[in-house]
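As the structure is a computational prediction, the values presented were derived from the model and not from experiment. Any value given below was found using the heavy atoms of this structure, including those in side chains, with hydrogens, waters and symmetry copies removed. Both counts, for ligands and for their atoms, begin at 1 and track the order of listing.
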Amino acid sequence: MKMTFRWYGESDSISLDSIRQIPGVRGVVTALYDVPVGGVWKESSVAALARLCREKGLEMEVIESVPVHEDIKMGCGRRDEYIANYAENIRILARHGVRCVCYNFMPVFDWLRTDMHRVNADGSNSLAYSAEDFARVDPDNLHLPGWDESYTPSQLKGLLEAYRGISREKLFENLVYFLERIIPVCDETGVKMAIHPDDPPWNVFGIPRTVSSEADLDALFAAVPSKNNGLTLCTGSLGAGRSNDIVGMAAKYAAQGRVHFAHLRNIKYTDDADSFCETGHYTPDGSLDMAEIVFALVRNGFDGYVRPDHGRNIWGEDGKPGYGLYDRALGATYLNGLFEAAEKLIARGADKVGK
Ligand code: DNO
């Protein structure tokens with residue numbers, strides 16, 4: 001596995017100098033943030049970004065994300081033009097050492113939380129989702145933490161209305177249509193597509209979602225069989241769905257060679273409904289068994305990229321929600337320990353380690 005760290009480019013308050021000092025981190029996961037969704041990335045900017053990382057001894061092999069235009073998800077408008085641009089981006093990125101692209105196919109909202117700064121018992125704060133608070137959100141006058149700057153309420157209303165006419169099956173069909181045109185370019189260039197699961201993994205505001213469960217992923221891989229059609233195993237996203245068996249999914253999809261990227265983080269279920277809060281990575285702090293997840297990956301030959309996912313704000317840091325330095329660095333160190341132990345034990349033939 002290769003440990004990486006998400007970096008939001010030169011405007012990130014966390015520097016590459018800080019990232020390179022985290023033990024075991026070999027590369028950054030980044031993107032160009034000033035290209036309108038659907039556009040072609042400027043090759044000289046990609047080259048400059050890769051150079052910047054390399055100068056600090058860090059690889060830039062993973063891009064998160066090349067965003068998918070809503071026309072592609074809805075299967076309307078200028079989708080073929082946007083798909084052609086997407087394919088061009090894959091070619092450009094491949095020329096600059098990128099090996100894996102993380103993307104999602106969630107309509108409108110990439111992720112949803114009801115609280116960006118939930119104060120925890122230890123004084124840290126983290127992202128959280130309360131089913132009760134969410135039920136009170138008025139879809140016709142949406143104000144959602146983290147999203148108010150991206151859309152005006154009337155833009156959101158229009159998008160939601162457009163999606164209400166699209167079934168889950170149609171959304172899936174549109175995803176397959178997209179991949180059938182992009183994966184051949186990946187096969188040609190050696191880039192792996194790693195879809196990010198729905199976060200949270202259920203339908204919101206009556207709009208469809210299509211990557212929420214094992215059955216969804218099985219259908220996706222059956223529809224587009226190339227191994228370059230793979231997954232970002234985001235444990236916190238899939239894990240919010242309590243019927244998802246994350247350890248089983250880690251084992252199964254790693255064995256299939258479909259896990260190209262893993263976002264490893266823990267969450268804690270906070271009620272009997274769907275509520276959860278994000279915790280530190282350590283297994284006893286949350287509801288997911290991080291050690292079993294790592295053991296399952298290693299036992300099944302996982303050799304993709306890993307990054308610690310959302311951290312809390314700790315030690316007085318006021319970082320971008322989920323993306324401060326300290327707790328993610330602790331997460332990377334903890335995960336490195338789990339991987340090192342799992343790899344050594346399994347290499348010695350410890351047959352009880354990993355599913
Ligand atoms: C949230 C992230 C997601 C992810 C996208 C990938 O913190 O995991 O925003 O980057 O879903 O397209």
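- No continuous path of ILVMFWY side-chain contacts below 4.5 Å connects Trp41 to Val62, so the two sit in separate hydrophobic clusters.
- For an aromatic pair to be called close, the ring centres must be under 6.0 Å apart, and Phe109 with Phe205 satisfies this.
- Ligand 1 is never approached by Lys320 to a heavy-atom distance shorter than 4.0 Å.
- By the 30° and 60° cut-offs, the orientation of the rings of His310 relative to Tyr323 is perpendicular.
- Distances below 4.0 Å separate heavy atoms of His263 from the following atoms of ligand 1: 8 (O).
- If you look at Arg113 next to ligand 1, there are no close heavy atoms at all, none under 4.0 Å.
- In this structure, Lys268 forms no cation-pi arrangement with Phe276, as its terminal cationic atom is not both closer than 6.0 Å to the ring centre and no more than 45° off the ring axis.
- Of the heavy atoms in Glu278, none comes closer than 4.0 Å to ligand 1.
- Protein heavy atom closest to atom 6 (C) of ligand 1, with residue, atom name and distance, is Ser65 OG, 3.0 Å.
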In sequence, state the C-alpha distance, the side-chain angles, and the governing distance for Val306 and Thr4, and then conclude on side chain to side chain contact (heavy atoms under 4.5 Å, CB included).
CA-CA 6 Å; Val306 172; Thr4 61; 5.7 Å; no
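- At least one heavy atom of Cys102 sits closer than 4.0 Å to an atom of ligand 1.
- A distance of 6.0 Å or more separates the ring centres of Phe105 and Phe172.
- Each of the following atoms of ligand 1 lies closer than 4.0 Å to a heavy atom of Tyr323: 1 (C), 2 (C), 7 (O), 8 (O).
- Looking only at distances, a side-chain donor or acceptor of Thr333 sits under 3.5 Å from a matching main-chain atom of Ala329.
- The atoms of ligand 1 that sit less than 4.0 Å from any heavy atom of Arg307 are 8 (O).
- Of the polar atoms of His310, at least one N or O is found under 3.5 Å from an N or O of ligand 1, judged by distance alone.
- Only the backbone of Tyr103 comes within 4.0 Å of ligand 1, counting heavy atoms alone; no side-chain atom from C-beta on gets that close.
- When each atom of ligand 1 is checked for a heavy atom of Asn104 under 4.0 Å away, the hits are 5 (C), 6 (C), 11 (O), 12 (O).
- Counting only heavy atoms of the protein, atom 8 (O) of ligand 1 lies nearest to His196 NE2, 3.2 Å.
- Taking each of Asp199, Val29, Asp110, Leu127 in turn, the one with a heavy atom nearest to atom 5 (C) of ligand 1 proves to be Asp110.
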Please determine whether side chain to side chain contact (heavy atoms under 4.5 Å, CB included) holds for the pair Tyr177 and Arg79, giving the CA-CA distance in whole Å, both sets of side-chain angles, and the decisive distance to 0.1 Å.
CA-CA 10 Å; Tyr177 181 97; Arg79 90 159 143 179; 3.3 Å; yes
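- Among all non-hydrogen protein atoms, the one lying nearest atom 10 (O) of ligand 1 is Glu64 OE2, 2.5 Å.
- Side-chain contact of Arg118 with Asn120: a donor-acceptor pair under 3.5 Å is present, judged by distance alone.
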